[in-house]
Number of protein chains: 2
Amino acid sequence: MSEARKPTEPRAPRQARARAAGEGPRADIAMRPRIVREATRLFSERGFDGTTLQDIAEAVAVTKPAVLHHFPSKEHVQQAVLEEILAHWESTLPRLLLSATAGESRFDAVIGAVYRFFAEDPFRTRVVLRHALDRPKEARALLRDKVRLWVGAVASYIRSGQDKGLHPKDADPEAYVLLVLELIIVAAASFETMKEALPEGARSRATFDRELFRIARVALFPEDRARPESAAKKPALPRATQKRTKNPAPRPSSGAGERKGSNPKSRQGIKSVAPPR
Amino acid sequence: MSEARKPTEPRAPRQARARAAGEGPRADIAMRPRIVREATRLFSERGFDGTTLQDIAEAVAVTKPAVLHHFPSKEHVQQAVLEEILAHWESTLPRLLLSATAGESRFDAVIGAVYRFFAEDPFRTRVVLRHALDRPKEARALLRDKVRLWVGAVASYIRSGQDKGLHPKDADPEAYVLLVLELIIVAAASFETMKEALPEGARSRATFDRELFRIARVALFPEDRARPESAAKKPALPRATQKRTKNPAPRPSSGAGERKGSNPKSRQGIKSVAPPR
DNA sequence: AGGATCGCTTACCATATGGTAAGGCGCTGT
DNA sequence: ACAGCGCCTTACCATATGGTAAGCGATCCT
């Protein structure tokens, strides 16, 4: 528990108050997904070591052994959390790659989709970031196995764009993709905190995101600067997917979905997108 | 302990082996700084909750109560760690601001200095990142008190550059500064891990950093694209503190004294602190 | 029906952890 | 010389934590 939580505090009545009311045995949805969801939130806020099984149990209103009834150990809970995130990522990947062909609007589509993946659920994003910090070894394996090919694919598109003179020759496609990815992740994970470094009036998520997209775009399409004022062409960013209303690729896993607000402006309220509670 | 460390393991002889050899009582340097330094490393690797007092004690080769002799509690150790980082930051700040006047070379100076601050010691950077995740409240206060003004200052330089037509009009200076800051931090904190997503041949820190700087620069100076090949102008970003072997040649500015402990042994991946153009 | 099973509870346990108490050792000032 | 003190040690403690054992009521299956 990294946060201020006095150890001496009795920690409330806890136990023996689960389904007190007349709610049936498992009247509600399956327990496992609930555990995973709450654990995701808790891990994202306090980290794996800072979260106790008791915390998780309380969050889903059962007792500690009940959690261990569904998962052999705390580590397994974490594994499930990561797997769920990974599954969601992999179910999203194809969409990204399909959008990634060439040109600027494709750029918006791909970057917008990645952005949405991380911005739509900050808990998920923070868990990912924490995982990279806590278990670099495992994270490395994951990156090698699950992200590398994708980075290479997008990078090769960029490279072909370079050949056509679309992108600056001195750009390094792989590094670019990775950096933009990192930027999206860290922005999504820590905006609520980092925005405190912004002046009072300028703390809107929308403005922040717009600048993020601008930076990412101008790094590949510097000529945009040619018309510095007429931001006319600017396709309002992730609006990309917006047109793609057709073929609403099934969004399996995670009820946390809800990505229809693909407009970054309306997004801002991560709260709405994020898990309840 | 988030990493794989079996709890059943006796954890080695530990205790009662501190200064076994004939090294005098406190023949070496003061204990406090050593504790702070080792704690910084441990917190950066395992997080605050994942690090035990025992871990810290072992790292400095004393017993647990010895650590508590120098600090009232584990929390106080963390506080000292953060204070040391903050002090270093504040001693560096003036240099940054002095360099920040206008023009592109100034840009390199400022961004290079910030980059160096974080890249030079990944432990420090990871602690900062973790702090933002673990204690958002405290981090927010810190950002408000210690970073905001600085962001505003740099942003206002950029704004004046916009008026002169130097920078794109649609850039948002504050958001830009914050985003570049975040990018530098996350890149410095996690490069060793993230690079695994890069193809075999392209994992050099130098290339990665060069792209980071390119992105940051082209977002403010899109016209650079005009000469895509002749990256000649790039003023060789501030050479790192690399050869700061002995007698730290006073940095060409501000009385910000180089803090002593700033050259920890074999700082992990800082090989090329500055992107070698 | 009736037993197996699921999902969960209460009761426990071993260990690890942050922190305390008290004492020893060598250096310093007198 | 020796009292005092800083620094650190061994011994200990209370609590919290991950995990286990065993039981219990509702549901399912035959």
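Being a predicted model, the structure only gives us computed values, none of them experimental. Each chain gets a letter, A, B and so on, in the order its sequence line appears, and its residues count up from 1.
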Heavy-atom side-chain proximity of B:Arg140 to A:Met194 below 4.5 angstrom: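 In short, these two side chains do not touch, never coming nearer than 4.5 Å.
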Within-4.5 Å side-chain heavy-atom neighbours: B:Thr193 and A:Leu143: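 A side-chain contact under 4.5 Å exists here.
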Rounded to whole angstroms, how far apart are [atom1] on [X] and [atom2] on [N]?
X	N	atom1	atom2	value
A:Leu53	C:dC13	CG	P	19 Å
A:Glu58	D:dG18	CD	P	12 Å
A:Gln54	D:dT15	CD	P	16 Å
B:Arg32	D:dC7	CZ	C1'	14 Å

Closest to side chain of B:Thr52, choosing from C:dG7, C:dT9, C:dG18: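 Selected nucleotide: C:dG18.
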Closest to the B:Lys74 side chain, choosing from D:dC8, C:dT9, C:dG19: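 Nearest to the side chain of B:Lys74 among the choices is C:dG19.
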Whether A:Phe117 and A:Trp89 hold their rings parallel, tilted or perpendicular, with breakpoints at 30° and 60°: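 Ring orientation, 0 to 90° scale: perpendicular.
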Six-ring centre of B:Phe208, B:Lys195 cation under 6.0 angstrom, axis tolerance 45°: no
Test side chain to side chain donor-acceptor pair (under 3.5 Å) applied to B:His69 - qualifying residues, sequence neighbours left out: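 Partners of B:His69 by the side chain to side chain donor-acceptor pair (under 3.5 Å) criterion come out as none, since no residue qualifies.
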D:dG18 phosphate, OP1 or OP2, under 4.0 Å from A:Ser73 side-chain N/O: no
Side-chain N or O of A:His70 closer than 4.0 Å to phosphate OP1/OP2 of C:dC8: yes
Residue pairs passing the ring pair (Phe, Tyr, Trp, His ring centres under 6.0 Å) test where at least one lies in residues 127-148 of chain B, sequence neighbours excluded: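 Qualifying pairs, neighbours excluded: none.
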Review item, nucleotides 20-23 of chain D N/O atoms under 3.5 Å of protein N/O:
none

